Number of protein chains: 4
Amino acid sequence: MFFSVDPANGLAIYEQVVRQVTFAVAGEVVKPGELVPSVREVARELTINPNTVARAYRQLQADGVLEPVRGTGLAVSSGADGRCRERRRQFIRVRLHQVLLEAKQSRLDDRELCDLVATELAAIQPREA
Amino acid sequence: MFFSVDPANGLAIYEQVVRQVTFAVAGEVVKPGELVPSVREVARELTINPNTVARAYRQLQADGVLEPVRGTGLAVSSGADGRCRERRRQFIRVRLHQVLLEAKQSRLDDRELCDLVATELAAIQPREA
Amino acid sequence: MFFSVDPANGLAIYEQVVRQVTFAVAGEVVKPGELVPSVREVARELTINPNTVARAYRQLQADGVLEPVRGTGLAVSSGADGRCRERRRQFIRVRLHQVLLEAKQSRLDDRELCDLVATELAAIQPREA
Amino acid sequence: MFFSVDPANGLAIYEQVVRQVTFAVAGEVVKPGELVPSVREVARELTINPNTVARAYRQLQADGVLEPVRGTGLAVSSGADGRCRERRRQFIRVRLHQVLLEAKQSRLDDRELCDLVATELAAIQPREA
DNA sequence: GTGGTCTAGACCACC
DNA sequence: GTGGTCTAGACCACG
């Protein structure tokens with residue numbers, strides 16, 4: 001299993017699944033043509049409702065990330081990796097923009113904001129000379 | 001009026017009001033002891049329901065940011081500015097952490113991530129040397 | 001001035017004034033026939049709205065505790081001391097009953113309740129061999 | 001249903017619900033992990049508005065007494081029993097203190113006060129040796 | 001089915 | 001005028 005969810009996250013569980021799968025494809029943890037775990041398996045593994053997984057997979061099909069293989073399961077669509085990378089980039093970009101804009105609009109001091117960004121960037125990247 | 005809301009933001013309107021007021025106090029747009037606009041005034045101004053504003057103001061009282069002045073209105077509590085600044089810092093910090101961690105976990109390339117951060121930081125800051 | 005109010009008490013200010021005067025009469029701090037401070041004086045002293053004091057005095061007249069002395073002010077009614085003592089007794093009795101009943105209904109342990117009562121009784125009475 | 005409300009109590013209905021639930025948890029009528037009756041069920045049972053119940057439950061979440069189980073309902077938080085017991089104790093203690101102090105300050109005779117306390121304590125306790 | 005949110009409109013006490 | 005409370009009814013996302 002290449003993803004997990006946090007039920008007490010505030011975000012909808014099915015959305016967490018959608019994003020996790022999208023990012024897994026973007027990061028080439030699963031490649032086009034490979035099968036993703038079945039709805040039942042994911043539900044059992046994460047102890048969430050199968051309906052919730054089904055809903056996520058339904059949206060991923062609508063997104064063109066997954067496609068059904070008759071009688072076998074769901075596979076990552078060909079070319080989905082590129083699209084997922086773009087989606088990941090957009091996602092990160094928008095969220096970054098939001099938080100930085102919000103900080104600026106709240107009249108947070110420039111220096112304090114830069115400090116925060118630097119600190120958090122460093123915290124994320126364990127090794128960085 | 002020192003704040004506004006976006007009804008189609010995804011976030012609850014009352015939460016937007018709570019945050020806006022908190023940030024306004026943090027940025028010293030309103031200072032301790034000063035009255036905030038009345039429930040009805042805010043509701044009229046933002047064309048939202050008075051109950052929604054009342055709910056936000058109620059939470060701000062629970063947060064120790066506002067306090068009632070009987071028959072007069074709600075005023076910023078003394079010492080609320082410091083607490084609001086801390087709350088603002090925490091808020092920004094957590095959101096930054098979330099998005100950066102998410103980027104890292106999705107195996108986004110370090111260089112691409114840094115480019116994004118630099119770009120968005122520049123976009124936020126009007127003056128660019 | 002033989003009483004005070006706490007604006008941030010939750011209870012209405014005018015009710016606090018009513019009760020304080022009633023209890024002052026019951027405790028013979030002011031006796032029948034004596035004048036109570038004027039509306040303006042009380043308002044100035046407690047820095048509350050004169051309307052609020054007037055309202056309290058109005059109710060005290062309706063209660064038969066105060067009566068107007070033409071051109072002079074308001075005086076404690078004759079016989080008001082007895083009535084105020086009875087009112088005070090009732091008031092305390094009812095409030096005691098409420099809190100004890102509530103404690104019992106919430107399944108608070110008998111022993112813990114008795115401890116609380118004893119402790120608070122002792123705290124009230126500074127000297128008690 | 002392990003609680004009830006009195007609409008004409010002076011206290012806000014939602015506050016009565018908050019207190020009843022808190023005391024029920026303190027008295028182990030409901031235990032951590034167990035679900036509390038749904039908003040709609042309580043509203044139907046007590047014939048009050050669902051919004052009023054929702055408001056009480058919202059505050060209980062803020063108090064850390066209840067926590068949402070997505071799509072299932074609200075459950076008593078783990079460790080809430082201890083906190084609720086402490087809160088119950090504080091609540092009773094403060095109310096006792098208020099009424100006793102008030103009695104003392106109104107110069108009520110010590111003997112009369114003790115009589116009142118003894119009488120009401122006896123009235124509360126069914127068994128009387 | 002669950003809780004969460006919002007709107008609309010009403011009544012209250014207080015100043 | 002102010003905030004506080006309650007009711008009524010609607011829509012949403014989630015499981």
Side-chain angles (χ1 to χ4, degrees), chain A residues 5 7 9-17 43 46-56 59, chain B residues 5 7-17 35-43 46-58 60-61 66-75, chain C residues 5 7 9-17 43 47-56 59, chain D residues 5 7-17 35-43 46-61 66-75:
Chain A
V5 296
N9 189 5
L11 282 81
I13 294 178
Y14 86 98
E15 280 186 336
Q16 295 183 47
V17 174
L46 305 183
T47 58
I48 60 180
N49 193 305
N51 280 333
T52 306
V53 183
R55 179 169 179 179
Q59 175 158 347
Chain B
V5 296
N9 189 3
L11 279 81
I13 293 178
Y14 83 94
E15 281 187 333
Q16 296 183 48
V17 174
L35 292 174
V36 291
S38 78
V39 168
R40 289 166 170 88
E41 188 180 349
V42 174
L46 305 183
T47 59
I48 60 179
N49 191 288
N51 274 332
T52 304
V53 183
R55 178 170 177 183
Y57 276 12
R58 208 185 305 141
L60 285 162
Q61 288 178 71
L66 299 183
E67 60 188 10
V69 182
R70 291 288 294 249
T72 304
L74 294 170
Chain C
V5 297
N9 188 5
L11 281 81
I13 293 177
Y14 86 97
E15 280 185 336
Q16 295 183 48
V17 174
T47 58
I48 60 180
N49 193 305
N51 281 332
T52 305
V53 183
R55 179 170 179 177
Q59 174 157 349
Chain D
V5 296
N9 189 3
L11 280 82
I13 294 178
Y14 84 96
E15 281 187 333
Q16 295 183 48
V17 174
L35 292 175
V36 292
S38 77
V39 168
R40 289 165 170 88
E41 189 179 348
V42 174
L46 306 183
T47 59
I48 58 180
N49 191 288
N51 274 333
T52 304
V53 183
R55 178 170 177 183
Y57 276 12
R58 209 184 304 139
Q59 174 159 347
L60 284 162
Q61 287 178 71
L66 299 183
E67 59 187 12
V69 182
R70 292 287 294 248
T72 303
L74 294 169

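Just so we're clear, the structure is a prediction, and the values are computed from it rather than from any experiment. Chain letters run A, B, ... following the sequence lines, proteins first and then strands; every chain starts at 1.
When rounded to the nearest whole Å, the span between CG of Leu46(B) and P of dT7(E) equals 10 Å. Remark: C1' of dT5(F) and CD1 of Ile48(D) are 12 Å apart, rounded to the nearest angstrom. Rounded to an integer number of Å, the gap from CG of Leu66(B) to P of dG3(F) is 10 Å. Distance CG (Leu74(D)) to P (dG1(E)): 17 Å, rounded to an integer number of Å. Spacing between atom CG of Leu60(B) and atom P of dG4(F) amounts to 11 Å, rounded to whole angstrom units.
In plain terms, the two heavy atoms of Asn49(A) and Ala43(A) that are nearest each other are C-CB, 4.4 Å. Annotation for Val39(B) and Ala54(B): closest pair CG1-N, 4.1 Å, computed over non-hydrogen atoms. What you find for Ala75(D) and Leu35(D) is that their closest heavy atoms are CB-CD2, 3.9 Å. Nearest heavy atom pair, residue Leu74(D) against residue Pro68(D), reads CD2-CA, 3.5 Å.
Side-chain atoms of Ser38(D) and Tyr57(D), non-hydrogen and from C-beta on, never get closer than 4.5 Å to each other.
Along DNA chain F, the nucleotide nearest to Tyr57(B) and the one nearest to Arg40(D) differ in position, and the one closer to the 5' end is contacted by Tyr57(B). Residues Ser38(D) and Pro50(B) both approach DNA chain E. Their nearest nucleotides, taken by heavy-atom distance, put Ser38(D) toward the 5′ side.
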- [ ] Treat a base pair as Watson-Crick or G-U wobble with both distances under 3.5 Å, then lay out DNA chain E in dot-bracket form, 5' to 3', with | for cross-strand pairs.
- [x] ||||||||||||||.

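Of the options Ile13(D), Ile48(D), Val5(D), Leu46(D), a side-chain contact (heavy atoms from CB on, under 4.5 Å) to Val53(D) is made by Ile48(D) and by none of the others.
The CD atom of Gln16(A) sits 11.0 Å away from atom OG1 of Thr52(A), with the distance rounded to the nearest 0.5 Å. Rounding to the nearest 0.5 Å gives a distance of 13.0 Å between CG of Leu66(B) and CZ of Arg58(B).
The base of dG4(E) is not paired with the side chain of Arg58(D) by any donor and acceptor separated by under 3.5 Å.
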Find every protein N or O atom lying less than 3.5 Å from an N or O atom of nucleotides 13-15 of chain F, and list the pairs.
residue	atom	partner	partner atom	Å
dC14(F)	OP2	Tyr14(A)	OH	3.2
dC14(F)	OP2	Arg55(A)	NH2	3.4
dC14(F)	O3'	Arg70(D)	NH2	3.4
dG15(F)	OP2	Thr52(A)	OG1	3.4
dG15(F)	O3'	Asn49(A)	ND2	3.4

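Every residue meeting the side chain to side chain donor-acceptor pair (under 3.5 Å) condition with Tyr14(D), not counting sequence neighbours, appears here in chain and number order: Arg55(D).
Nucleic acid contact class of Gln61(D) (heavy atoms, under 4.0 Å, all strands): sugar-phosphate only.
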